[in-house]
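Let me begin by presenting the structure, written as structure tokens, before commenting on it.
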Amino acid sequence: MRYDYTTIEKKWQDKWEEAGVFHAKNGCEKPKYYALIEFPYPSGQGLHIGHPRPYTALDIVARKRRMQGYNVLFPIGWDAFGLPTENYAIKTKTQPAEITQHNIKRFTRQCKAMGFSFDWSREVNTTDPKYFKWTQWIFLKMFEKGLAYKKKMAVNWCTSCKIVLANEEVVDGVCERCGGTVIRKEKSQWILKITEYAQRLLDGLDTVDFIERVKVANRNWIGRSTGSEVDFATTAGETLKVYTTRPDTLFGATYMVISPEHPLVEKWADIIENFDEVKKYQEASKRKSDFERTELAKDKTGVELKGIKAINPVNNKEIPIFISDYVLMTYGTGAIMAVPGHDTRDWEFAKVFNLPIVEVVGGGDIEKEAFTDVETGILVNSDFLNGLEVEEAKKKITEWLEERNLGHPKVNFKLRDWVFSRQRYWGEPIPIIICPKCGFVPLKESDLPLELPKVESYEPTDTGESPLAKVRDWVEVKCPICGGDAERETDTMPNWAGSSWYYLRYMDPHNDKEFASQEAINYWGQVDWYNGGMEHATLHLLYSRFWHKFLYDLGLVPYDEPYAKRTSHGMIMGENGEKMSKSRGNVVNPDDVIAEYGTDTLRLYEMFIGDFEKAAPWSTTAIKGCKRFLDRVWVLTELATEGDEISKANESSIHKTIKKVTEDIETMKFNTAIAAMMSLVNEFYEKGCNKADLRMLTIILNPFAPHITEEIWESLGFVHDGLLLAQETWPAYDEEKTIDNVIEVPVQVNGRLRATVTLPMDCDKEEAIRTAISDEKVATAIEGKNIVKQIVVPNKIINIVVK
RNA sequence: GCCGGAAUGGCGGAAUUGGCAGACGCCCGGGACUUAAAAUCCCGUGAGACUCAAAUCUCGUGCCGGUUCAAGCCCGGUUUCCGGCACCA
């Protein structure tokens with residue numbers, strides 16, 4: 001008999017909601033546990049089949065923790081600002097807020113149908129003025145502390161979306177969202193000084209339990225390097241400051257390169273003999289998109305600044321200066337000393353311009369390629385550094401430079417400040433008034449939230465201004481300081497803003513006095529387990545850690561890291577192994593799956609599909625196995641015999657399974673936890689089971705398949721004290737009972753398996769060998785040969801070596 | 001180019017971290033039930049050799065080599081694939 005999942009699932013979802021069993025209680029005396037999933041962007045497509053994978057995983061953790069006696073916070077909300085909604089609004093001439101409401105409704109229905117144990121009473125929505133009031137408030141705090149500032153700068157401009165992109169949103173030189181061409185454009189932008197926290201964002205990684213690949217991605221993104229800043233005198237008078245990680249190669253610096261945007265170029269306009277040529281190169285590189293610059297990376301280009309030379313401080317040799325776009329103004333000092341013998345890029349450039357290549361670190365063949373090995377090289381042609389290893393030479397030259405005031409040690413980061421403004425409508429308005437007399441004037445806290453005005457058209461403008469700029473009666477205001485005519489900032493925040501602190505809002509979501517009360521923040525502390533996609537490792541994760549550290553500095557949060565533990569799930573691919581997409585026609589809709597198999601099966605399959613951390617292809621046939629398993633569990637309710645105590649026959653297997661499931665959930669090995677429960681059910685079919693046996697299975701299966709197990713719990717009369725299965729206590733296993741007293745041990749002869757023998761647990765070596773050689777097959781194998789060695793690994797294996 | 005990760009049956013994947021390779025599931029084959037089909041239940045299922053069959057043996061974790069009584073796991077080399085970063089001095 002098959003179970004009627006449609007009726008059952010709805011029934012228990014209603015009961016859970018009615019009983020409010022998943023509500024977290026602030027200040028509860030139980031130990032707290034905060035499990036967090038990345039709140040979704042409520043897109044027009046509805047819930048993707050990939051969403052339930054991480055949601056189910058942490059739902060299992062949350063449900064298990066509740067059963068283990070924790071006060072669990074497992075919240076849900078909507079990261080609802082964003083471009084797709086705005087683009088859809090433009091297309092359909094509807095309000096973004098309306099579209100958002102509509103999409104949220106659909107996502108809510110879908111999430112509820114999955115039976116996730118979210119605390120719906122704490123639902124947040126980043127587009128709700130009650131929420132973004134505090135996003136704006138945190139921004140103003142940053143402004144107050146000098147961490148938010150406006151600056152004219154070259155930004156990434158998507159020619160298709162007509163919007164400024166953060167560096168993080170430019171992927172392979174094109175717009176991450178639409179794939180459009182990205183060019184450099186000068187614009188005045190709000191910037192957040194995340195670089196001020198670079199070192200702390202790096203150090204903090206050592207104090208948290210993040211999976212290694214997340215830490216590595218973060219470290220690479222922050223990109224800390226240590227080296228020296230060195231001053232080169234020039235014949236023009238000005239000093240040219242460079243940054244290098246290889247000061248030991250200073251004797252090999254045969255020319256210099258500065259970025260085309262370097263300010264000294266303008267300063268030297270009158271002295272540079274070929275200024276027209278230089279100017280032309282500058283303009284050409286300015287027009288290049290990032291994509292072109294990357295594409296042309298192999299071919300080095302540049303122009304020498306004729307009439308000016310730099311002087312190498314170690315040997316006072318005059319060397320030429322070039323401009324080239326392979327030197328970036330945004331990193332280091334925008335100028336480098338070129339050591340073609342020991343830097344690949346400099347080597348390539350030197351080959352193009354026929355510049356001298358001098359070997360100063362021996363060990364390679366600099367005729368063929370630059371020798372960059374720092375482990376084995378020995379300094380040559382370097383006067384007082386000769387004979388030293390690279391590390392020693394670095395130390396010595398750094399001291400030498402410092403003594404003469406020519407240079408000093410310096411740490412640099414690849415991380416750049418966060419371009420924080422967007423010229424779009426559907427985002428949090430930046431709560432700043434621009435007054436011709438008073439400058440940037442922040443709104444008073446009492447004027448927050450600054451809401452979005454309703455507008456007729458959300459079309460972005462070609463000038464690059466936000467659609468808000470057209471709403472004159474919103475833009476034109478009086479300056480709060482001087483009372484004169486002023487204008488509002490019309491840029492909005494990027495959608496990374498609302499997600500940078502949402503986990504704090506969940507702690508106290510209805511507070512209209514503070515972003516969350518201190519009691520709530522202190523009670524919930526850090527997020528205990530945060531799971532999310534790898535694609536957010538360097539964006540959202542870094543941004544929110546930065547905001548959190550800022551709030552920590554203000555004394556508003558008790559920990560300087562928001563997330564104690566971070567894990568990541570693999571994607572669910574299409575059945576053909578490719579990424580799911582409409583254009584590939586391999587999209588699976590969770591609503592259809594639920595209709596065909598029920599939610600419990602979908603949840604189970606998403607967990608059984610493979611290693612949680614790895615991508616896995618969807619299979620329309622493999623999911624049937626999970627359905628069959630649940631059907632088999634269901635049938636057990638009829639097969640189970642009476643019994644109040646766990647049967648002797650199943651006792652050992654039950655305890656082993658409890659142990660396996662208990663441990664596997666903690667290490668995210670959901671697939672093997674389910675396999676263990678399947679094996680147990682197979683055993684129940686072989687050996688029979690009683691109701692007490694089935695009761696245990698029902699409890700440990702509950703976090704995975706919560707609906708069917710509640711129904712079984714009720715139908716078999718396990719309900720006590722009016723409690724739901726979700727409120728039951730997680731079973732403890734008896735370690736003793738997971739250990740067998742007799743054990744099958746394989747016997748090898750010369751490393752080849754010949755037999756298995758049955759031995760008592762922990763029996764001694766002599767007995768093991770005696771039993772082994774008395775086995776017929778083993779005896780045959782060693783007959784007429786000398787036993788050279790006997791290896792007995794207790795309870796594992798016996799290996800007899802013969803000659 | 002650099003930094004991660006991976007490679008195991010027809011398929012998704014297991015393997016207590018050096019100890020019976022292939023758990024669990026899918027697919028497939030055979031049988032039972034059925035007028036029949038679906039569903040369900042039972043049996044089989046890495047490849048090969050010898051067998052009527054059973055038994056038995058050999059080979060087998062991308063490739064080459066090493067360490068070890070014993071290697072999917074450790075070491076050296078190599079190929080391929082996936083992900084991230086990418087002129088960061």
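Atoms considered below: every heavy atom in the structure, side chains included; atoms not considered: hydrogens, waters and symmetry mates. Proteins come first, then strands; the chains are lettered A, B, ... in the order of their sequence lines, and each starts at number 1. Just so we're clear, the structure is a prediction, and the values are computed from it rather than from any experiment.
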Aromatic ring pairing A:His569/A:Phe612, orientation class (parallel under 30°, perpendicular over 60°, tilted between): tilted
Measure CG/A:Asp631 against P/B:C26 and give the value in whole Å, please. 12 Å
Short side-chain donor-acceptor distance under 3.5 Å, A:Asp762 and A:Asn795: yes
Would you say the side-chain atoms of A:Thr195 and A:Asp417 include a donor-acceptor pair closer than 3.5 Å? yes
Look at all strands and tell whether A:Thr245 reaches a base, only sugar-phosphate, or nothing, counting heavy atoms closer than 4.0 Å. sugar-phosphate
State, without any angle test, whether A:Tyr243 and A:Ser225 hold a side-chain donor-acceptor pair at a distance under 3.5 Å. yes
For nucleotides 65-84 of chain B, 5' to 3', base contacts (B), sugar-phosphate-only contacts (S) and non-contacts (-) with protein non-hydrogen atoms under 4.0 Å give ----BS--------------
Would you mind reading off the distance between A:Lys627 atom NZ and B:C24 atom P, rounded to a whole angstrom? 22 Å
Can you work out whether A:Ser619 or A:Arg213 has the more 5'-proximal nearest nucleotide on RNA chain B? A:Arg213
To the nearest angstrom, how far is A:Lys414 atom NZ from B:C2 atom P? 13 Å
What I want to find out is whether A:Lys656 reaches A:Glu735 closely enough, with some N-O distance under 4.0 Å, to be called a salt bridge. no
Dot-bracket, RNA chain B: Watson-Crick or G-U, under 3.5 angstrom, [ ] crossing, | other strand? (((((((..(((......[....))).(((((.......))))).((((......))))..(((((..]....))))))))))))....
Under a 90° cut-off about 0 for the syn range, is B:G25 syn or anti? anti
Please report, rounded to the nearest Å, how far the P atom of B:A15 is from the CG atom of A:Leu753. 21 Å
A:Thr621 side chain: which of B:G13, B:C27, B:C87 is closest? B:C27
Between B:C87, B:C3, B:C42, which nucleotide gets closest to the side-chain atoms of A:Val216? B:C3
Taking the six-membered ring for Trp, are A:Phe322 and A:Phe349 parallel (under 30°), tilted (30 to 60°) or perpendicular (over 60°)? perpendicular
Validation row: A:Val374, A:Arg246 side chains within 4.5 angstrom (heavy atoms): yes
Donor-acceptor under 3.5 Å (A:Glu606 side chain, A:Arg53 main chain): yes
Would you mind reporting whether A:Asn220 and A:Ile222 have side-chain heavy atoms less than 4.5 Å apart? no
Using the purine O4'-C1'-N9-C4 or pyrimidine O4'-C1'-N1-C2 torsion, is B:U79 syn (within 90° of 0) or anti? anti
Classify the side chain of A:Lys796 versus the base of B:C20 as yes if they form a donor-acceptor pair under 3.5 Å and no if they do not. no
Residue A:Pro617, side-chain heavy atoms: nucleotide from B:A89, B:G12, B:C20 that is nearest: B:G12
Rounded to the nearest angstrom, tell me the gap between atom OH in A:Tyr605 and atom P in B:G13. 9 Å
Which part of the nucleic acid, if any, lies within reach of A:Ala537 when heavy atoms closer than 4.0 Å are counted: base, sugar-phosphate only, or nothing? nothing
Classify the nucleic acid contact of A:Asn412 as base, sugar-phosphate or nothing, counting any heavy atom under 4.0 Å across all strands shown. nothing
Would you classify A:Arg752 as touching base, sugar-phosphate or nothing, given that sugar-phosphate means primed atoms plus P, OP1 and OP2, and contacts are heavy atoms under 4.0 Å? sugar-phosphate
So, does A:Lys777 get its side chain near the phosphate of B:U56, meaning an N or O under 4.0 Å from OP1 or OP2? yes
Which of B:G13, B:C87, B:A14 is nearest the side chain of A:Ala616? It is B:G13
Can you tell me how far C1' in B:C33 sits from the matching atom in B:C26, rounded to whole Å? 24 Å
For atom C1', what is the distance between B:U16 and B:C2, given to the nearest Å? 36 Å
Pairing donors with acceptors under 3.5 angstrom, does anything connect the side chains of A:Gln748 and A:Arg754? no
Atom NZ of A:Lys624 and atom C1' of B:C11 are separated, to the nearest Å, by 15 Å
Is it the case that A:Tyr605 and A:Thr56 place a side-chain donor and acceptor less than 3.5 Å from each other? no
Taking the same atom, C1', in B:U80 and in B:C63, what whole-Å distance lies between them? 10 Å
Can you check the A:Asp343 CG to B:G1 C1' distance for me, whole Å? 12 Å
Can you check the distance between B:C43 and B:G48, where both ends of the measurement are the C1' atom (answer in whole Å)? 23 Å
Touch class at under 4.0 angstrom, heavy-atom based, for A:Arg219 against every strand present: nothing
Taking the same atom, P, in B:A32 and in B:U17, what whole-Å distance lies between them? 46 Å
Between B:G44 and B:A36, how many Å separate the two C1' atoms, rounded to a whole number? 26 Å
Quick one: does any side-chain atom of A:Lys241 pair with a main-chain N or O of A:Asp231 as donor and acceptor, under 3.5 Å? no
What I want to check is whether the side chains of A:Glu369 and A:Thr344 have a donor and an acceptor closer together than 3.5 Å. no
What is the distance, to the nearest angstrom, from the CD1 atom on A:Ile800 to the P atom on B:G19? 20 Å
So A:Ser225, base contact, sugar-phosphate only, or nothing? Heavy-atom distance under 4.0 Å. sugar-phosphate
Among residues 655-670 of chain A, which residues get a heavy atom nearer than 4.0 Å to RNA chain B? A:Lys669
B:C26 phosphate, OP1 or OP2, under 4.0 Å from A:Arg628 side-chain N/O: yes
Do the side-chain N and O atoms of A:Thr301 and A:Tyr326 include a donor-acceptor pair separated by under 3.5 angstrom? no
Say you pick atom P in B:U68 and the same atom in B:C11; how far apart are they, in whole Å? 36 Å
With heavy atoms under 4.0 Å as the rule, sort A:Asp346 into base, sugar-phosphate or nothing. nothing
Once you apply a heavy-atom cut-off of 4.0 Å, does A:Ala622 come out as touching a base, just sugar-phosphate, or nothing? sugar-phosphate
State, yes or no, whether a side-chain contact exists between A:Arg416 and A:Tyr331 at a heavy-atom distance under 4.5 Å. no
Distance, P atom - from B:C81 to B:C27, rounded to whole angstrom: 32 Å
Looking at A:Arg754, I'd like to know whether one of its side-chain N or O atoms comes within less than 4.0 Å of OP1 or OP2 on B:C57. yes
